[in-house]
Protein chains: 2
Amino acid sequence: MATVTNQVEERKPVTRNTIQRALVLEAVQSLHEHPTSADVYEAVRAKHPNISRATVYRNLGVLADKGEVLRVEVAGGADRYDFFNEPHYHARCRQCGMIFDVDMPYRSDLTEDVIDSHGFKIEGHQIMFDGVCPDCQKK
Amino acid sequence: MATVTNQVEERKPVTRNTIQRALVLEAVQSLHEHPTSADVYEAVRAKHPNISRATVYRNLGVLADKGEVLRVEVAGGADRYDFFNEPHYHARCRQCGMIFDVDMPYRSDLTEDVIDSHGFKIEGHQIMFDGVCPDCQKK
DNA sequence: ATGACTGCAAAGGGTTTGCATTGAA
DNA sequence: TTCAATGCAAACCCTTTGCAGTCAT
């Protein structure tokens with residue numbers, strides 16, 4: 001007899017523990033400067049030379065979905081990944097493109113500042129500051 | 001990535017008034033739904049079929065630099081252009097990707113909420129809300 | 001006459017996807 | 001045994017660039 005599976009219910013596949021997945025997570029957790037997928041790929045490749053880019057991308061996606069890492073989408077640049085997975089804000093250097101954490105309390109209530117959302121259901125927000133990082137100011 | 005800021009004075013070339021430029025500006029000003037470069041390209045092509053994508057991109061760049069249109073960079077998607085060129089905030093629909101203006105006062109003082117910028121010189125910020133737009137809520 | 005601007009095609013970057021195979025459960 | 005995950009290559013999307021010719025100034 002067929003198992004009764006709910007049509008509506010979203011069935012998420014069971015994730016498996018592969019070495020590749022573990023290594024990707026480990027890489028993100030050891031790289032504290034908001035690594036790009038390319039950075040992660042290079043780091044993992046040092047230990048596991050045969051890993052493919054696709055696998056890194058897929059695992060970063062899985063880990064971000066599970067909330068084990070934070071994906072920081074950057075407009076006009078590669079996505080960054082953050083081992084610090086609590087919501088927080090970032091700043092991007094206009095010159096070198098580096099991403100920095102911003103020391104500012106997370107405003108989970110920011111939506112209340114919206115006067116009229118015109119029926120749009122706001123569920124989250126990101127703030128990206130931009131400017132010049134300490135290193136680039138010296139140049 | 002890095003916008004090369006010249007130490008020496010940056011001499012910007014004299015801009016010329018081409019039909020292509022005028023048509024691109026006209027298109028952005030007539031399309032009020034945050035058009036992508038592709039949208040602008042299509043709109044201009046209706047009047048001027050021989051225009052190339054490269055010309056549209058280059059002109060959107062020039063117009064954005066001159067402040068005649070606002071470029072809204074979208075993480076993980078095509079850039080949008082806005083005829084309303086005062087700084088303001090946006091919301092992106094998680095389902096259809098559409099960009100909406102958010103009715104919330106611009107916080108030019110937001111930088112003051114930063115506790116410690118660790119030497120980073122903050123010069124600007126963007127806020128992107130995300131959620132579900134009215135149309136997608138109906139589906 | 002100058003050089004900003006154009007169209008075209010090719011290249012670039014970041015990311016995703018199709019497919020046959022492998023391997024964790 | 002199953003089907004999630006892998007490696008590879010090709011495809012994808014958006015954007016930029018090199019080039020030779022054009023046109024606004």
Side-chain angles (χ1 to χ4, degrees), chain A residues 2-3 5 10-28 34-42 44-45 47-66 68-69 71-81 92 96-97 99, chain B residues 1-4 10-25 27-28 34-42 44-45 47-66 68-69 71-81 92 96-97 99:
Chain A
T3 335
T5 22
E10 193 135 342
R11 51 154 299 216
K12 50 190 79 173
V14 184
T15 59
R16 294 176 179 178
N17 297 325
T18 61
I19 352 147
Q20 289 89 341
R21 181 109 81 223
L23 288 169
V24 167
L25 177 57
E26 215 176 88
V28 175
H34 304 87
T36 62
S37 73
D39 297 330
V40 173
Y41 174 63
E42 288 309 329
V44 173
R45 216 152 59 117
K47 289 185 174 177
H48 193 89
N50 284 354
I51 198 166
S52 83
R53 288 199 139 81
T55 296
V56 172
Y57 276 107
R58 282 186 283 233
N59 278 319
L60 287 171
V62 171
L63 293 170
D65 286 350
K66 292 207 280 177
E68 298 191 31
V69 305
R71 170 185 273 137
V72 183
E73 296 191 301
V74 179
D79 288 355
R80 308 296 191 123
Y81 294 87
R92 173 168 42 158
C96 67
I99 300 293
Chain B
M1 179 131 16
T3 337
V4 181
E10 192 129 350
R11 55 147 303 186
K12 49 190 78 175
V14 185
T15 59
R16 293 178 177 177
N17 297 323
T18 62
I19 350 147
Q20 290 89 340
R21 182 109 81 224
L23 288 170
V24 167
L25 177 56
V28 175
H34 304 85
T36 62
S37 73
D39 298 329
V40 174
Y41 174 63
E42 289 308 331
V44 173
R45 216 153 59 116
K47 289 185 174 178
H48 194 87
N50 284 355
I51 198 167
S52 83
R53 285 199 141 83
T55 296
V56 171
Y57 275 107
R58 282 187 283 233
N59 278 317
L60 287 171
V62 171
L63 293 170
D65 285 349
K66 292 207 282 179
E68 298 192 32
V69 305
R71 171 185 273 136
V72 183
E73 295 191 302
V74 179
D79 287 355
R80 307 296 192 123
Y81 294 88
R92 173 167 43 156
C96 67
I99 300 293

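Labels below follow one simple rule: chain letters A, B, ... track the order of the sequence lines, proteins then strands, and each chain is numbered from 1.
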Given atom [atom1] of [X] and atom [atom2] of [N], what is their separation to the nearest angstrom?
X: Arg80(B); N: dT15(D); atom1: CZ; atom2: P; value: 10 Å
X: Arg21(B); N: dG7(C); atom1: CZ; atom2: P; value: 12 Å
X: Asp65(A); N: dA5(D); atom1: CG; atom2: P; value: 11 Å
X: Arg45(B); N: dC8(C); atom1: CZ; atom2: P; value: 10 Å
X: Glu73(A); N: dT15(C); atom1: CD; atom2: C1'; value: 12 Å
X: Arg53(A); N: dA11(D); atom1: CZ; atom2: C1'; value: 16 Å
X: Arg58(A); N: dT17(C); atom1: CZ; atom2: C1'; value: 8 Å
X: Leu60(A); N: dT16(C); atom1: CG; atom2: C1'; value: 13 Å

Shortest non-hydrogen contact from Arg21(B) to Arg16(B)?
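Minimum heavy-atom contact is NH2-O, 3.3 Å.
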May I ask you to evaluate whether [X] reaches the phosphate of [N], defined as a side-chain N or O under 4.0 Å from OP1 or OP2?
X: Gln20(A); N: dG23(C); value: no
X: Ser37(A); N: dT15(C); value: yes
X: Thr55(B); N: dG7(C); value: yes
X: Asn59(A); N: dT6(D); value: yes

Looking only at side-chain atoms of [X], point me to the closest of [options].
X: Tyr57(B); options: dT16(D), dG7(D), dA25(C); value: dT16(D)
X: Pro13(A); options: dA4(D), dT15(D), dC8(D); value: dA4(D)
X: Arg16(A); options: dG23(C), dG14(C), dT17(D); value: dG23(C)
X: Ile51(A); options: dT6(D), dG7(D), dT6(C); value: dG7(D)

For the residue pair Asp65(B) and Val62(B), establish whether any side-chain heavy-atom pair is separated by less than 4.5 Å.
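The answer is no, as the side chains (C-beta and beyond) never meet within the 4.5 Å cut-off.
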Below 4.5 Å, heavy atoms only, C-beta onward: do Val74(B) and Ile99(B) meet side chain to side chain?
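Heavy-atom side-chain distance check passes, below 4.5 Å.
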Toward the 5' end of DNA chain C, by each residue's nearest nucleotide, Asn17(B) or Ala54(A):
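Looking at DNA chain C, the more 5' nearest nucleotide goes with Asn17(B).
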Regarding Thr15(A), tell me which of base, sugar-phosphate or nothing describes its non-hydrogen contacts under 4.0 Å with the strands shown.
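Touches sugar-phosphate only.
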Which part of the nucleic acid does Ala78(B) contact within heavy-atom distance under 4.0 Å: base, sugar-phosphate only, or nothing?
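Since only primed, P, OP1 and OP2 atoms lie under 4.0 Å of Ala78(B), the category is sugar-phosphate.
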Can you tell me how far the OG1 atom of Thr18(B) sits from the CZ atom of Arg58(B), to the nearest 0.5 Å?
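Reported to 0.5 Å precision, the distance equals 11.0 Å.
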Between Arg92(B) and Glu73(A), is the salt bridge (Lys or Arg N to Asp or Glu O under 4.0 Å) condition met? List the steps.
CA-CA 13 Å; Arg92(B) 173 167 43 156; Glu73(A) 296 191 301; 3.7 Å; yes
